[in-house]
Structures are given as C-alpha cells and as structure tokens.
Amino acid sequence: MEIPAKYNAIESEKHWYKYWMEHKLFKSVPDHREPYCIVIPPPNVTGVLHMGHMLNNTLQDVLIRRARMSGKNACWVPGTDHASIATEARVVNKLAKEGINKFEIGREKFLEHAWDWTHKHGGIILEQLKKLGASCDWDRTCFTMDEARYESVIKVFVDLYNKGLIYRGVRMINWDPQAKTAVSDEEVNYTDVKSKLYYVKYYVADDNNKATSDFVVVATTRPETIMGDTAVCVNPNDERYAHLKGKKLVVPMVNRIVPVIFDEYVDPTFGTGALKVTPAHDLADYELGMKHKLEVIDIFNDDGTLNEKAKVFVGEDRFRARELSVKMLEENNLLAKVEDYNNKVGLSERTNAVIEPRLSTQWFLKMKDLSKPALDNVLNNNIKLHPHKFVNTYKHWMENVKDWCISRQLWWGQRIPAYYLPDGDYVVAETAEEALKMAKQKTGNNNLQLSDLTQDEDVLDTWFSSWLWPLSVFDGIRKPNNDEVKYYYPTNDLVTAPEILFFWVARMIIAGYEYAGDKPFRNVYLTGIVRDKQRRKMSKSLGNSPEPLELIEKYSADGVRVGMLLCSPAGNDILYDEALSEQGRNFGNKIWNAFRLVKGWKIDSNIPSPEHSKIAVEWFNNKLNKAIADIDRMYDEYRISEALMAVYKLFWDDFSSWYLEMIKPEYQKPIDAATYKATVDYLEKLLHLLHPFMPFITEEIWQLIDTRKEGESIMISQMPKAQGYNEQLLTDFDVIIEAIAHIRNIRKTRNMSYKDKADLLIRDHNKNYNARFEPVLIKMAGLETVSITSEKVDNTDSFMVLSTEFYLKTGITIDKEAESLKIKEELEYTKGFLASVMKKLSNERFVSGAPAQVVEMEKKKQADAEAKIKALEERLAALN
RNA sequence: GGGAGAUUAGCUCAGUUGGUUCAGAGCACCUGCCUUACAAGCAGGGGGUCACAGGUUCGACCCCUGUAUCUCCCACCA
C-alpha cells in the first residue's frame with residue numbers, strides 16, 4: 001500500500017468521526033463492566049464554541065477515551081443548557097429588530113419564538129464539538145428544558161417547598177433593568193468606575209416643617225435617589241451632629257420631611273459623616289431602614305426609569321435623572337460641592353447593565369441545612385477537587401452560604417409552579433389540576449375552577465435546573481433508583497471552570513446528597529481561564545479569541561487538542577498562543593513520518609537480528625514500561641498536561657530519535673523480522689498512549705499498520721499496561737547516550753563528517769560503563785572500533801561520563817591548549833564537588849544523623865569524584 | 001476590609017513528606033546541516049543568586065518569620 005507523504009488531517013478526521021458514529025463506538029448502555037461516566041457541563045443552547053469549551057471538552061474527551069481503553073464502560077453524556085437570561089435576551093433582541101415587543105405578543109407567543117430560535121440555533125455547539133473529536137454518547141443528548149428535565153425541576157421545587165425549604169419573601173435583590181429581572185449575587189460583577197461625589201445640602205426643618213437656615217451637607221454618588229430618601233443618618237458619637245438629635249430635615253427637590261437617625265454604622269470620617277438613607281435603593285440603607293422602621297419609597301420602574309413616587313423627572317431614565325437632579329440642585333443652590341470619586345458599581349454579568357438594588361418579592365431556597373453534607377464531603381475528600389487548593393475557597397463559600405434567590409422575572413425557563421387564588425393565597429403543585437385540588441381543600445370552596453387560579457409569572461433560575469444535571473440526565477429525579485442511575489451514579493469526573501464552582505458545582509453536590517443521598521461525582525477537575533499571551537481574558541469584544549473551527553482547519557483537531565493541553569496545568573490560567581497548535585500539528589507530522597519509515601521497510605525473515613537492534617529492542621521495552629508507569633501516575637493525579645508531555649517525549653526523543661535510529665537498516669536494506677515485529681508492537685503501544693490526546697491520527701495509523709476488520713477501532717482497543725522495568729539497564733544506557741552526544745560534539749568541533757570513522761578507547765574506573773551496549777555505541781557514534789584499556793591515552797580528544805574516561809582517536813591533531821583548558825575547568829568543578837561531599841562526610845552530625853542510604857550515596861560520590869580527579873590530572877600531565 | 005494562592009531560564013510551568021553539583025521540561029534563542037521518515041526536520045549548544053531579608057538545620061527551591069510584587073475569591077462604606 002502506498003502511504004501518502006503528507007497526512008491529510010481534514011479528510012482523515014471527517015472519515016474517522018463518521019466511522020466511529022456509524023459503528024456506535026461512543027454508545028454506552030449499562031452492562032457488567034465498571035462504569036466510567038462524565039456529564040458535560042452543558043453549554044448555552046444557542047452559544048457557539050469558544051476556546052474555553054475547547055479546553056474543557058478536550059480534557060473530558062481525554063479522560064473518557066482513556067477510561068474506554070482501560071476496559072471501562074465509558075459514558076459521556078452531552079447536552080445543552082437553556083440559559084434563561086442569555087437566551088431570552090437574544091430572542092428579545094431579535095424580535096425587537098422585527099419591531100416586536102415581548103409584552104405585546106404575550107407569554108405564549110414569545111415562547112414559541114424562543115423555541116423556534118432554540119431549534120434553529122440550538123445544537124450548533126454540539127456539532128462543533130464533534131469536529132473536536134468529542135466521543136459523547138450523542139443518543140443521550142439532553143436539554144435542561146426538555147420534558148424530562150422540565151418535569152424534574154418542577155418536582156424538585158414542589159418537594160423543597162413541601163419540606164419548608166422554599167419561601168417567598170420581600171428582599172433587596174440585584175435588579176437588571178435591561179433584562180428586567182433579578183439576578184443572583186454571583187451574577188453581579190463589581191467594577192471600578194470614575195464617578196463624582198456630590199455634596200448636597202439638607203436644610204433643618206423647624207417645628208412647622210419649614211426649612212430653617214441651618215443645613216447638613218450629605219455626600220452621595222447617586223443624587224437621583226434623593227427623591228427616595230426617608231432619613232439622614234449620622235454616627236451617635238459624632239459631636240458635629242449632636243445638635244441634630246430629634247430634628248427633622250427637608251429632602252431637597254421633593255421637600256419631604258425626614259428624621260435624623262443615629263447609627264454607628266456611619267463612618268464619621270467618610271464624606272461629611274452624614275449619610276442619606278434610601279431604603280428602597282441601597283442594601284445598606286435598606287437594613288438601616290428596617291432597623292429604624294423607616295418608610296420605603298421605591299422611585300424606579302422595572303426598566304430603570306423614575307415613577308410617580310419620585311415626583312420629579314417621572315419617566316426619565318435613572319442616568320438622565322442624575323444629570324437633571326444635579327442641575328436642579330445647582331439651580332436651587334443646594335449643591336455644596338462636587339468631587340471626583342472612584343467607586344464600584346455592580347454590572348450584570350449577562351447584560352452588562354448597571355445593577356439596581358431593588359425591593360422585590362422573590363422565591364428563596366434556604367441553604368444552610370441543605371449545604372451541610374456538601375461541605376462535609378468535600379472537606380473529608382469524599383469528593384476531591386483538583387487542584388486541591390480550591391477546597392479553601394469552597395469551604396469559605398459554603399460556610400457563609402446565603403439563601404438562594406431562585407426566581408427570575410423571565411419567561412424562558414421552568415415556570416414556578418405556584419398558583420394564586422383569587423384571595424391572594426397560593427398553593428404549590430406539580431400541575432394545575434393538582435393545584436386546583438389543593439386549592440379546593442385549602443379554601444373549602446368546591447366551586448373553584450382552573451380559571452380561578454393564576455400561575456406565578458416568574459421562572460426559575462437556570463442553575464435551579466442545572467444543579468440536577470448529573471441526576472436528571474439519567475431521569476433520576478422522576479424515577480429515583482432506576483437502572484441507569486444505579487449504574488452510572490455517582491459519576492466519576494467533572495471538568496469545569498473554577499468560576500462556576502459555587503454557581504454550579506457546589507449546588508450539584510447539594511442536590512446530589514438531597515436527591516440521591518450520594519455525591520454526584522468523585523472528582524472535580526478545575527481548568528483555568530483561557531487568556532491570550534498578554535494575559536487578557538479572551539473575549540469577543542477584544543477580538544483576541546481565535547475562531548476554534550478555523551484553528552482546527554488550519555492545524556487539525558489533533559493539533560489544536562495538543563496545543564490546548566500543552567499549556568494547561570490544572571487550575572492555572574491558559575495563556576493561549578497559536579504557536580502551541582502549531583506545535584501540536586508538528587507533532588502529528590512527526591508521528592506520521594515515523595509511521596512512514598516503519599511501514600516502508602522490507603522485511604527479510606532469513607536474516608538474524610543485529611546485536612545493536614536486540615539491545616535497542618530491550619532498552620526501549622524498559623523505557624516504554626517506565627513511561628507507562630509514569631503516565632499512569634500522572635493521570636491518577638490529574639496532571640493531564642504532564643502526561644501528554646511524557647508521551648510527547650517518549651515518542652519524539654526515545655522512540656524516534658533513539659530507538660528508530662538504532663534499528664534503522666542501511667539504505668534500501670531490509671530489516672529482520674524479529675526487530676520489525678517488536679517495532680510495530682512498540683508503535684502500536686505508542687499509538688494507544690497517544691490516542692486520548694490525538695484520536696484521529698492514531699486511528700488512521702492504527703488502521704493502516706495492520707489489517708483490521710470493519711468496526712474495529714483503536715478507541716475500543718486496550719491501553720497497554722505497565723510491566724516491570726530494569727532501572728539499572730536504563731541507567732547504564734544513559735551513559736551510552738551521553739557518550740554518543742559527546743562524540744557527536746567532538747565530530748562537530750573537529751569538522752568531521754559522520755562517515756569519517758574513529759576509534760574509541762574506554763577506561764572505566766568504577767564500573768559505570770556496561771560493555772554489553774557496545775554495538776549501539778558503534779552504530780550511533782559512527783565508530784570503527786571500541787576497546788577497553790587500563791592505560792591512559794595521550795594526544796587524543798577525550799571526555800568523561802561519570803568517572804569513565806573516553807578517548808576518541810580521530811587522527812586529527814588535538815589543540816593542546818584548548819584541551820588543557822577544558823580539562824582544567826572540569827577539574828576545578830569536580831574538586832569543588834568533592835569538597836562539598838567531604839564537608840558533609842567529615843561532619844559527624846551528618847554521618848550519624850542522616851539516613852544510611854544518604855551517607856552511602858555520599859561515599860559513592862566521593863569515590864567517583866576522586867577517581868575522576870585522578871584521571872583528569874593524569875590527562876593534564878600528559879598534555880604538558 | 002477579610003480570605004486564599006503565587007513569585008524558579010526570554011515565555012509557560014515541573015520540582016513529589018528537607019539529602020546526588022538539584023537547579024529541570026517544553027517552547028523560544030544560538031551554531032552547523034536540504035544526511036532519501038520527517039526543514040512542520042536532524043545534530044550540537046548557551047541561558048537561572050529558585051522575588052528580597054533574616055532564622056531553624058550537619059544540610060533549605062523546599063520548613064519558620066518579615067518585606068515587596070502579582071492573581072483570584074468574598075464583602076453594603078455613602
């Protein structure tokens with residue numbers, strides 16, 4: 001068969017993915033084998049693949065493919081998330097462009113549009129994952145809003161409500177005026193902004209509530225909320241304001257009469273030491289308001305414009321109202337001064353709108369008791385976080401967990417199953433029919449109709465559906481203990497970003513213990529954030545994010561996968577550089593060429609194996625088994641990046657540069673059968689080790705290197721297991737490798753061609769040289785003869801490995817001065833080394849205190865160094 | 001403001017319960033090679049006071065204290 005000189009990645013990747021799909025190689029059904037399961041962190045249904053997904057899913061695919069090749073029943077469950085805020089925002093935008101307003105068309109019509117959008121754009125991202133080589137069991141694809149998942153969410157809500165864990169309450173929440181919804185604390189990002197601090201005069205009122213000439217100056221960054229002020233607060237220990245006790249003030253612009261209250265919360269050193277209190281629009285003020293029983297005046301509409309209660313600037317946007325307020329204050333001589341000021345404002349993670357603290361009726365989930373097992377089982381390592389350092393952050397959060405606001409003022413999502421009765425009371429039930437039954441019971445009114453009930457308008461937070469994911473994908477909420485859940489749950493590994501450790505990971509753990517009585521996964525691998533070379537987060541607006549599919553086209557999926565993994569130790573940020581994908585592609589090329597070399601040899605079963613090949617085969621076998629053991633350990637520790645590097649070096653350095661060069665027959669000569677067989681076996685084993693990282697090229701070569709039956713695949717073949725290896729043999733061989741490098745270096749400095757033969761004399765003092773490997777030395781260093789000598793050799797190039805002297809007779813006159821200098825340097829170094837060893841050995845506390853093994857080692861070092869010094873001195877003397 | 005982590009080669013990172021002169025890897029860099037598997041390559045090479053200052057120890061990149069710088073998380077200072 002003719003092997004193409006260039007590997008055609010595009011063709012190959014398309015072909016093999018199709019092959020895997022056709023033969024249902026990703027499919028998993030429960031059987032007698034040990035399960036290995038990963039549930040995908042569901043990407044937004046209408047999202048597109050970005051670099052973060054690439055990294056995350058490559059890692060999952062590596063883990064799942066390795067498990068599959070290790071005899072486990074590997075199941076990777078894919079799916080998407082309905083992402084209520086993000087998706088609804090997109091649909092609203094799309095409709096807006098068509099001149100359609102969501103409130104005009106109503107809930108039902110809007111949801112139709114949303115589903116249309118979902119069907120049209122949903123799943124694109126899953127198709128993109130296939131390009132990456134993701135071996136998901138696509139038959140299991142789930143969506144957080146499909147029927148099973150929707151019903152699971154509702155069931156859980158009702159259950160938690162019945163357990164008394166869900167309640168309704170008025171709370172200060174983070175309001176996103178653009179999306180017109182509440183967002184959780186975790187979805188607010190605080191950023192520093194340059195703003196102004198306005199100093200506003202509040203006049204003291206007399207007994208008739210008329211302004212006197214006395215006033216208090218209050219500093220504020222938000223003059224547009226003055227209309228909602230219901231008090232001014234000062235510190236009780238602040239003598240400047242002691243005279244205000246019992247006084248009232250006139251709120252500027254609206255002339256409301258409000259009390260002066262005293263609370264130690266106020267920092268006398270900030271601003272003027274006087275704080276305006278707007279309970280409706282500031283969390284701290286709200287708490288002050290509750291404490292001092294102040295009136296709460298909400299002056300905003302849900303879109304961030306002012307309402308009638310503001311009395312002035314009604315209908316104006318909050319930022320416009322700020323400008324207008326400043327102007328009005330100025331005109332009325334109420335503005336004492338304005339300062340530049342840096343403060344923080346909260347931005348909505350989804351819409352980037354400035355968050356407005358707002359009072360609102362929301363649904364909450366009590367977290368304290370629920371989260372207890374989730375905390376305990378991470379602290380006791382029942383669930384392991386990798387890297388472990390995230391446990392601290394996790395602990396801190398779980399110990400300070402607050403009730404979870406689970407309602408969202410949106411339509412796209414699971415609608416809260418609370419049904420209101422005409423009198424304002426409500427019942428919670430899985431269906432309207434059930435609700436009606438309960439309502440009749442509750443009210444004693446049997447005439448109630450379905451039409452008398454009104455379902456809550458809000459939907460549930462998206463995380464309230466994704467926290468059930470590891471269970472709901474197996475329908476384990478609706479049908480607890482079904483065969484699939486019993487088999488796959490708890491799942492094995494979860495791969496996700498640390499940013500959603502609390503949003504998602506912690507909550508899945510909570511739900512897992514509540515609804516399955518067990519952890520949802522055993523290990524959590526936390527990846528880093530993908531950044532560019534300048535450490536900037538990759539984002540669309542910066543335009544610094546490469547288009548994943550273009551990268552794949554350019555460097556192949558295998559290449560990009562390797563590129564992602566090369567720079568991604570767990571938990572560290574990924575500084576992505578396209579050069580890494582290039583490195584990945586080059587590696588693929590290297591593998592292809594090694595394969596071409598091996599496949600190109602003619603086999604002659606009548607010739608015996610040359611000695612150097614026998615040694616090479618023996619050596620590589622040991623090298624390979626040591627590497628497999630190392631790689632296994634790295635996987636166990638989730639050091640995926642290092643495991644890849646180990647395979648990379650094994651293939652490139654040990655296999656290609658050393659092994660293949662050692663066994664390579666002379667040009668156009670055949671290879672003996674035994675060596676060939678061993679080589680193909682090694683190549684196959686290497687392909688297996690490489691497969692999780694580079695699924696496509698390894699499949700291509702695996703299929704070409706031997707005849708395979710239809711339906712066979714490397715992805716379902718067995719990963720090589722670590723056998724024992726001979727450490728001494730490897731150590732001895734390292735001496736040979738080092739000697740070869742030295743000889744090559746001498747050839748280079750002497751301008752000798754590889755074909756100029758030379759003779760090597762070896763003078764071994766401490767048995768560091770294993771003569772058995774001589775044939776390799778001869779072949780790799782291009783030597784005529786190798787002989788052992790006990791005499792010193794003059795006037796030749798020489799070098800030492802450990803305490804063994806090597807003399808290379810090249811026939812070229814040596815440069816005595818250069819040689820002498822070289823020896824002197826080495827002598828000085830070795831003497832220093834010996835001195836440090838002797839210092840230790842002459843120290844009685846070291847000899848008696850250190851472990852015997854360490855002392856032995858030092859003695860060996862002493863012997864080696866002394867021998868080396870002696871040899872060097874002799875050589876130096878010989879030169880003079 | 002509170003908490004966590006980091007600082008090792010030009011860059012990104014390893015360094016496994018103190019013990020080979022232990023200072024490593026990959027990339028980048030330098031030099032020589034188009035040697036019929038591979039120039040997307042081969043061979044060779046240079047490069048670091050392990051952030052800084054003390055301390056513990058026979059011995060410190062590793063343990064302790066302090067300093068500096070950085071990153072992340074949490075937090076209601078107008």
Side-chain angles (χ1 to χ4, degrees), chain A residues 3 5-6 172 185 190 197 218-222 233 265-267 270-272 274-278 282-288 341 343-344 357 387 389-397 400 498-499 501-502 529 533 535 555 559 566-569 571-575 577 579-580 582-583 585-601 633 637 639 641-642 645-646 648-649 656-657 660-661 664 667-668 741 744-745 747-749 751 753-755 829-830 832-834 836-837 839-840 842-851 853-855 857-858 860-861 864-865:
Chain A
I3 306 295
K6 286 269 177 233
M172 182 66 77
D185 292 345
Y190 289 89
L197 193 56
V218 172
T220 179
T221 53
R222 300 202 58 193
C233 187
Y265 163 76
V266 176
D267 176 1
F270 186 89
T272 60
L275 168 73
K276 73 185 204 60
V277 185
T278 323
D282 183 282
L283 190 50
D285 289 11
Y286 176 70
E287 277 161 18
L288 268 179
Y341 184 66
N343 73 335
K344 284 182 177 160
K389 67 177 179 185
F390 284 107
V391 168
N392 290 327
T393 333
Y394 182 87
K395 177 169 179 264
H396 188 252
W397 191 75
N400 297 291
E499 335 169 75
L501 186 58
F502 311 129
I529 296 167
K533 272 191 282 187
R535 278 197 186 275
Y555 298 109
L566 277 176
C567 60
S568 57
N572 280 357
D573 283 355
I574 317 306
L575 269 53
D577 184 342
L580 291 161
E582 199 181 334
Q583 193 185 344
R585 180 203 56 184
N586 294 354
F587 186 39
N589 189 48
K590 185 74 190 176
I591 297 167
W592 184 253
N593 280 305
F595 160 66
R596 281 210 305 145
L597 175 68
V598 172
K599 195 67 189 169
W601 286 330
R633 205 183 51 247
E637 292 168 8
R639 302 166 79 128
S641 189
E642 283 176 53
M645 187 47 73
Y648 181 94
K649 284 195 280 193
S656 299
S657 297
L660 289 179
E661 292 300 333
K664 195 174 178 179
Y667 183 53
Q668 287 191 330
R744 286 173 175 166
N745 194 16
R747 284 179 178 282
K748 190 179 171 181
T749 48
N751 273 322
S753 140
Y754 176 79
K755 284 161 191 149
Y829 175 88
T830 312
F833 173 64
L834 181 63
S836 82
V837 172
K839 195 178 151 204
K840 279 187 208 174
S842 61
N843 185 327
E844 206 173 309
R845 296 175 71 178
F846 170 74
V847 178
S848 57
Q853 221 179 349
V854 176
V855 178
M857 200 79 87
E858 291 299 316
K860 168 121 174 35
K861 273 157 55 179
D864 276 349

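Each chain gets a letter, A, B and so on, in the order its sequence line appears, and its residues count up from 1. Because the structure is predicted, anything quoted here is derived from the model rather than measured.
Atom CD of residue A:Q583 and atom NZ of residue A:K590 lie 13.5 Å apart, to the nearest 0.5 angstrom. Within the model, atoms OG1 of A:T221 and CG of A:D282 stand 8.5 Å from one another, a figure rounded to the nearest 0.5 Å. Rounded to the nearest 0.5 Å, atoms CD1 (A:I3) and NZ (A:K599) are 6.5 Å apart. Atoms OG1 and CZ, on A:T749 and A:R744 in that order, are 14.0 Å from each other to the nearest 0.5 Å. The distance from the CG atom of A:D577 to the CD atom of A:E582 is 9.0 Å, given to the nearest 0.5 Å. Note that CG of A:D285 is 5.5 Å distant from CG of A:L275, once rounded to the nearest 0.5 Å.
We find that CG of A:L580 is positioned 11 Å from P of B:C13, with the value rounded to whole Å. What separates NZ of A:K6 from C1' of B:G41 is a distance of 10 Å, to the nearest Å. Between the CZ atom of A:R633 and the P atom of B:U16 there is a distance of 12 Å, given to the nearest Å. Counting to the nearest Å, the P atom of B:C38 and the CH2 atom of A:W601 are 13 Å from each other. Taking atom CZ on A:F587 and atom P on B:A39, their separation rounds to 17 Å, with Å as the unit. Distance, A:R222 CZ to B:C76 P: 16 Å, rounded to whole Å. In this structure, A:E582 atom CD and B:A40 atom P are separated by 9 Å, rounded to whole Å. Between A:D267 atom CG and B:A75 atom P there is a gap of 21 Å when expressed in whole angstrom units.
Closest approach of A:L566 to A:S641, counting heavy atoms only: O-OG, 3.6 Å. Contact record, A:R222 with A:K276: O-CE, 3.8 Å, taken as the closest heavy-atom pair.
In this structure, the side chain of A:N593 engages the main chain of A:N589 through a donor-acceptor pair within 3.5 Å.
Nucleotides of RNA chain B nearest to A:E642 and A:N745 differ in position, and the one nearer the 5' end is that of A:E642. Checking A:T272 against A:A594, the closest nucleotide of RNA chain B that is more toward the 5' end is the one next to A:A594.
OP1 or OP2 of B:G44 has at least one side-chain nitrogen or oxygen of A:R744 nearer than 4.0 Å. The shortest distance between the side-chain N/O atoms of A:N586 and the OP1/OP2 oxygens of B:G41 is below 4.0 Å. An OP1 or OP2 oxygen of B:A37 is reached within less than 4.0 angstrom by no side-chain nitrogen or oxygen of A:K590.
Set against B:G44, B:A40, B:C38, the side chain of A:N593 has B:C38 as its closest nucleotide. Of the listed nucleotides (B:U31, B:A14, B:G3), B:G3 has the atom at the smallest distance from the side chain of A:H396.
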Can you give one letter per nucleotide of nucleotides 18-30 of chain B, 5' to 3': B if a protein heavy atom sits under 4.0 Å from the base, S if only from the sugar-phosphate, - if neither?
-> -BBB---SSS---

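Contact of A:Y265 with B:C76 (side chain to base): a donor-acceptor pair of N or O atoms is detected under 3.5 Å.
Base engagement by A:S656 is indicated by at least one non-hydrogen atom pair under 4.0 Å involving a base atom. Within 4.0 Å (heavy atoms only), A:V266 reaches at least one base atom of the nucleic acid. Using a 4.0 Å heavy-atom criterion, one finds that A:R747 contacts no nucleic acid atom at all. Here A:R596 lies in heavy-atom contact (under 4.0 Å) with sugar-phosphate atoms only.
Between A:W397 and A:F502, the angle of the ring planes stays under 30°, which puts this pair in the parallel group of the 30/60° scheme.
Rounded to whole Å, the P atom of B:C52 lies 15 Å from the corresponding atom of B:C11. Atom C1' of B:A43 sits at a distance of 31 Å from the matching atom of B:C50, rounded to the whole Å. Of the C1' atoms belonging to B:G19 and B:G2, the separation is 40 Å, rounded to the nearest Å. Remark: the separation of the P atoms in B:A75 and B:C13 is 28 Å, to the nearest Å. A gap of 24 Å separates the P atoms of B:U8 and B:G55, to the nearest Å. B:G32 and B:U21 have their C1' atoms separated by 30 Å, given to the nearest Å. Remark: the separation of the C1' atoms in B:U65 and B:C29 is 40 Å, to the nearest Å. The P atoms of B:A23 and B:G47 are separated by 14 Å, rounded to the nearest whole Å.
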Under 3.5 Å, which N/O atoms of the protein pair with N/O atoms of nucleotides 4-11 of chain B?
residue, atom, partner, partner atom, Å
B:A4, O3', A:N392, ND2, 3.1

Where each pair must be Watson-Crick or G-U wobble with both distances under 3.5 Å, what dot-bracket representation of RNA chain B is obtained, with crossing pairs in [ ] and other-strand partners as |?
-> (((((((..((((.....[....)))).(((((.......))))).....(((((..]....))))))))))))....

Using the side chain to side chain contact (heavy atoms under 4.5 Å, CB included) rule, take A:K664 and A:W601 through it: C-alpha gap first, then chi angles, then the decisive distance, then the call.
-> CA-CA 9 Å; A:K664 195 174 178 179; A:W601 286 330; 4.2 Å; yes

